[in-house]
Visitor: 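The structure that follows is given in the form of structure tokens.
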Number of protein chains: 2
Amino acid sequence: MSYSIGEVSRKLGVTIDTIRYYDKAGLLPFIQRNASGRRAFTENDIHLMRTIVCLKNAGVSVADISKFIAYRLEGDSTLTKRYRLLEDHRQALQQQIADLEDTMTYLKFKEWYYKTAVDAGTESIHFVPGTNEVVPDLAQEYSDHLTAENQLAEREHFANVKDYRNRGTH
Amino acid sequence: MSYSIGEVSRKLGVTIDTIRYYDKAGLLPFIQRNASGRRAFTENDIHLMRTIVCLKNAGVSVADISKFIAYRLEGDSTLTKRYRLLEDHRQALQQQIADLEDTMTYLKFKEWYYKTAVDAGTESIHFVPGTNEVVPDLAQEYSDHLTAENQLAEREHFANVKDYRNRGTH
DNA sequence: ATATATCCTGGAGTCGACTCCAGGACAAGC
DNA sequence: GCTTGTCCTGGAGTCGACTCCAGGATATAT
């Protein structure tokens with residue numbers, strides 16, 4: 001028993017056009033055709049495609065999934081290559097999330113900077129007296145303003161904020 | 001004192017064309033021009049642009065950064081909006097990384113499945129006797145094969161693998 | 001004063017990942 | 001046997017985020 005492209009589309013929640021696009025792109029070299037030239041998907045094909053959708057959702061490019069599929073066809077000798085490909089993507093994503101967390105930390109710092117400035121009625125409270133330069137260790141002060149209770153949780157945030165110190169504030 | 005687009009490009013590691021593209025896209029509404037119509041970047045502009053690059057690196061789209069900048073111009077009343085925009089992106093990324101980790105767990109499971117099959121000389125060791133169906137609780141067996149030492153660390157992985165059980169193996 | 005570097009705009013080109021369409025071939029229900 | 005539904009291919013269109021011109025003005029160095 002086999003499935004039509006429409007059935008697979010509904011099963012996987014992927015449009016027919018996208019399935020055909022993936023086929024053109026070499027992601028589905030295993031799919032057979034029936035007597036009249038229509039794609040006939042086996043249960044097994046669908047499982048494989050679930051893996052592909054999985055990789056796609058995880059942000060892997062079609063080109064890289066294509067590589068992955070090609071390795072698959074080569075058999076167990078490429079298990080390490082396949083694993084490494086996934087590893088690389090995991091690390092890229094973790095770098096991305098780290099960047100975003102840095103960004104949020106920076107934002108928090110800036111919000112504190114403004115809140116205190118507004119409270120004081122002037123931004124100059126953050127300047128080296130007599131200049132327009134922000135004090136060098138402002139991030140340290142930011143850390144100090146956190147309660148002792150928060151300090152534990154925020155200690156790593158502070159480490160990030162330090163990296164942003166030379167980016168200035170505004 | 002102000003900087004030219006070329007200087008900013010070198011300072012931020014972003015091409016001149018990209019800076020102009022960002023300007024066209026409304027990301028840099030604050031930049032002034034000099035007498036001859038050239039962009040004149042202040043130190044402050046550069047700081048702001050560092051934030052923009054930061055958001056970009058974190059995977060935020062130009063359209064969303066544009067929103068962010070527009071909120072900025074509205075002042076402190078939009079601090080919450082801005083924070084929430086970042087929050088949303090952080091969560092999307094975390095979902096993505098979770099997907100990828102699920103995918104890797106699935107892959108590990110598949111590798112175990114094949115290794116044991118190869119060791120046994122036949123895939124049928126994983127089938128319900130007399131059928132071509134994979135045994136229902138294979139993921140449980142996978143969990144059991146892990147050493148007691150590993151089991152603690154792998155327990156959450158197993159939780160993920162269970163979700164993949166009905167995707168079959170191949 | 002001239003050569004070279006840098007800047008400007010408007011618009012075209014590229015790339016990845018789809019998405020849509022025309023024109024034609026089965027397939028299934030009545 | 002006709003209508004309606006689903007499928008096929010090849011190719012064009014779209015969208016986001018750049019990237020690359022062409023043609024012209026301004027700045028800097030010698």
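Chain A is the first sequence line, chain B the second, and so forth, proteins listed ahead of strands; every chain is numbered from 1. Any value given below was found using the heavy atoms of this structure, including those in side chains, with hydrogens, waters and symmetry copies removed.
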Visitor: Given D:dC7, is OP1 or OP2 found less than 4.0 Å from the side-chain N or O atoms of A:S4?
Guide: yes
Visitor: Looking at A:Y22, does any N or O in its side chain come under 4.0 Å of the phosphate oxygens OP1/OP2 on C:dA17?
Guide: no
Visitor: Quick one: is B:R20 getting a side-chain N or O under 4.0 Å of the C:dT9 phosphate, OP1 or OP2?
Guide: no
Visitor: Separation of A:D17 atom CG from D:dG10 atom P, in whole Å?
Guide: 14 Å
Visitor: Take B:K24 and B:I5, find for each the nucleotide of DNA chain C with the closest heavy atom, and name the residue whose nucleotide sits nearer the 5' end.
Guide: B:I5
Visitor: Can you tell me if A:S36 touches the phosphate of D:dC8, counting only side-chain N or O atoms and a distance under 4.0 Å to OP1 or OP2?
Guide: no
Visitor: Whether the side chain of A:R38 and the base of C:dC26 hold a donor-acceptor pair under 3.5 Å is what I'd like checked.
Guide: yes
Visitor: For the NE2 atom of B:H89 and the CZ atom of B:F68, what is their distance to the nearest 0.5 Å?
Guide: 10.0 Å
Visitor: Please tell me if A:R39 has a side-chain N or O lying less than 4.0 Å from either OP1 or OP2 of D:dC8.
Guide: yes
Visitor: Under 4.0 Å between a side-chain N or O of B:T18 and OP1 or OP2 of D:dT19?
Guide: yes
Visitor: If you look at every strand shown and take non-hydrogen atoms under 4.0 Å, does A:K56 touch a base, only sugar-phosphate, or nothing?
Guide: sugar-phosphate
Visitor: Here's a test of your reading of the structure: between A:R10 and B:V60, which maps to the more 5' nucleotide of DNA chain D?
Guide: A:R10
Visitor: With a 4.5 Å limit on heavy-atom distance, are the side chains of B:R90 and B:L86 in contact?
Guide: no
Visitor: Quick test of your reading of the model: are A:R84 and A:E87 salt-bridged, counting only N-O distances below 4.0 Å?
Guide: no
Visitor: Within 45° of the ring axis of A:Y106 and under 6.0 Å from its six-membered ring centre, is that where the NZ or CZ of A:K110 lies?
Guide: yes
